[in-house]
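First up is the structure itself, then whatever we jot down about it.
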Amino acid sequence: MENVLLVGFPNSGKSTIFNMLTGQLRKVSNYSGVTVDSASSELISNSINEKKISVVDLPGVTNLIPTSLDEGVTTTTLIKDCAHYKMIAMIIDLDRFEASLSLLLAVKEILNKKIVVIINKNDHLLFTKAHAQRLEARLGLPVLSISAINDDEKDLDNFIRKHQNDVLAGETLSPKIKIHPDAKQFMPELLPDNHFDEISATEVINSIKSHQAEARQIINSIYKHSTKKTKLTENIDSIILHKFWGSIIFVGIFYFIFHAIYAWAGPLMDFSEGMVSALGQFLAPHMADGFFKSLLIDGVIAGVGGVVVFVPQIMILFFLLSLLEQSGYISRAAVLTDKVMSMFGLNGKAFLPYMSGFACAIPAIMAARSIPNHKERACTIMTIPMITCSARLPVYVLLIGTFVPKITYLGFLNSQALAFFFLYFLGSFFSLMVAKIFRLTIFKGETSNFMIDLPHYEKPSLRFAFRQALRKGKLFLKKAGTIILGLSILIWFLSTFPGPDKKLTVNKTPEQISSMTLEGSVLGQTGKLIEPVLRPMGMNWKMGVGLMVAFGARELFVSTMGTVYALGNVDEESTTLRERLRSEIDPATGLPVFTTAVVWSLLIFFVFALQCTSTLAIVRREMGSWKYPFYMFSYMGVLGYGGAVLVHQFLK
Amino acid sequence: MSLTLADVDVGIEVEVVSYDGEGLYEFKFISLGILPGDHVVIQSKSLFGGPMAIKHGEWNFFALRKDYAKKIIVKKLGE
């Protein structure tokens, strides 16, 4: 196996390139024995090539003199493990061309190793073949320009494979780096004399300065920016980043996205829901009644169909975000929101994921990838699911619409609308507060947003945006879909078996039979078993079954309540379900079951508890460990249960 | 008191002189390519003391939080 190290600036797209080359089979390993994560994985193309190559993704650095342990890993690996890798792939960030080229010059100075140069973020093809040739001539190193977000891995893979075979004379085997004494503590594995020489801080700074100056000179000699574009960017920014107008435009743009997700996704969701039920109806007459039919139609098709309906929302969101990102607006949005987010220990880049969370936590968690700092990203991901997503809406509609009396205050404030607003506010407020608490405890650290690049404005490409949307949609279907599939089958089994006594089902309507099936099923029995736990929240076993099923996906609460109350297929507008819920009497006390206290207890539980298996699956995938979904599930469960108990006891 | 980048008004071009505070900031700014002698212009300032947008050299744009802008000591051109 031959190793290639990926070295570059933080946020230069190193990890995207790593994932492109290795097919996201990211295995986190402790390279070089240091307990900071760096990933190593084999190329996808190893399966069809004789030569086996693996790439190592090292922490992003701005220079080789570390100011933290993370950064120290990169330098330590370059120096100490010099004999263990064949080649260095330097990732140059076109948005920070000068400074990242200067890092390359520093690496080149201390190491005579094979180095290839990958110019990333060439999203608008501004860096041409001719530029690449001139840069190659200046550096004496092979150069490839790519756009990691738009291109596929073929060119990149060929480029690395091709130059892996280059012969290099006088390769460095035991390199040495010049550092100042303060930097030693971040590279505990390097030995004086063997690995480094000490010089003064001033000398270190002078050496970085000289690399910067050289980089600047190289760029000026090969690359000219158009002054027209610079002027345009200046003009647009004077409005977009304006204290007053900037904020108004910002609210307008994000209101539009929010609106688009609700309004445009509606018909598409209806369409895909229609397709799913049509598929069930098409298959049903062709199958014999019984076990397999029910498993396929009620379990698999209904369950997976529940996931498929979210695809339009995800695609619309990522289509619009891609347009904004390509244009250069996203970094401006980060500037505008940085101050507010910093109060909660986050930076402006976290705004967008939170915003997306109102539609659905899944694309929101995926959007958090743009946050470079691991702790801030983890903290953002861990708190997003408390933002009120659209899956909670059916539950809120059912409960508020049925039980909150319509009263108008001050002539225009509607009590039901206020209840909705209160629940939205509660979720958002707690998600930011918990983020703050996390940032002060387990994800401790300063907010990292040192510098935000403001790339020149460019005209976005609809084709790229569409491709991005398609890619995100596919990814969502593939990964979350497989887990949902498993869980749908599980829920079907648990709510079907052991099945009611045949003698008792004579002369009963199908709705009554399905109600009996559920009551006698494992799920129904469990509901009765956990009733003591539900009591403090004021809930009975029927609500308990609803809650348990809703752990698969929140919307299932509505349809489960329908089944429990034997009404067949219901949705949240179903008046009969509402009437039935209102008239439900507790046989023990003779009073209505759904009191104000019970309804609010249910609502509060839904605000906080993490009832969404897709979210758990996506968090596992994004964070690479089951630890995160486990903690998330636990703390949100505690808040949900605690909140519901508190509300019930208070209102009772 | 020396003039810092945070004190400069929108639209005024200034020259970077040095960096305030611990050596850490000098490191960071120099690694990011903001060198003494470079010309910078503040493009905009955000509400409530949020980040400021800066034009650096001929065609680079970036934003810095105000706390960090305070670490860059500048002088007006021609002084």
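Because only heavy atoms are used, hydrogens play no part in the values below, and waters and symmetry mates are left out as well, while side chains stay in. So you know, we letter chains A, B, ... as the sequences are listed, proteins then strands, and number each from 1.
Ring geometry for B:F62 versus B:H56: interplanar angle over 60°, hence perpendicular rather than tilted (30 to 60°). Taking the six-membered ring where the residue is Trp, B:Y25 and B:Y68 present tilted rings, their angle falling between 30° and 60°.
The closest side-chain donor-acceptor pair between B:T4 and B:D7 falls under 3.5 angstrom.
Here A:E234 is the residue among A:E234, A:H456, A:K229, A:K231 with the most heavy-atom pairs under 4.5 Å with chain B. The choice from A:T227, A:V335, A:D182 that makes the most heavy-atom pairs within less than 4.5 Å of chain B is A:V335. The residue among B:M52, B:K45, B:K66 with the most heavy atom pairs within less than 4.5 Å of chain A is B:K45. Note: A:R216 leads A:R332, A:H211, A:R216, A:E98 in heavy-atom pairs under 4.5 Å with chain B.
Aromatic ring centroids of B:F27 and A:H180 lie under 6.0 Å apart.
Both the backbone and the side chain of A:T62 come within less than 4.5 Å of a heavy atom in chain B. Only the side chain of A:F9 comes within contact range of chain B, with heavy atoms under 4.5 Å apart. Contacts between A:T337 and chain B at a heavy-atom distance below 4.5 Å are absent for every atom of the residue.
Between A:E376 and A:R439 there is a salt bridge, with a side-chain nitrogen of the basic residue lying less than 4.0 Å from a carboxylate oxygen of the acidic one. Between A:K121 and A:D93 there is a salt bridge, since at least one side-chain N of the basic residue sits less than 4.0 Å from a carboxylate O of the acidic one.
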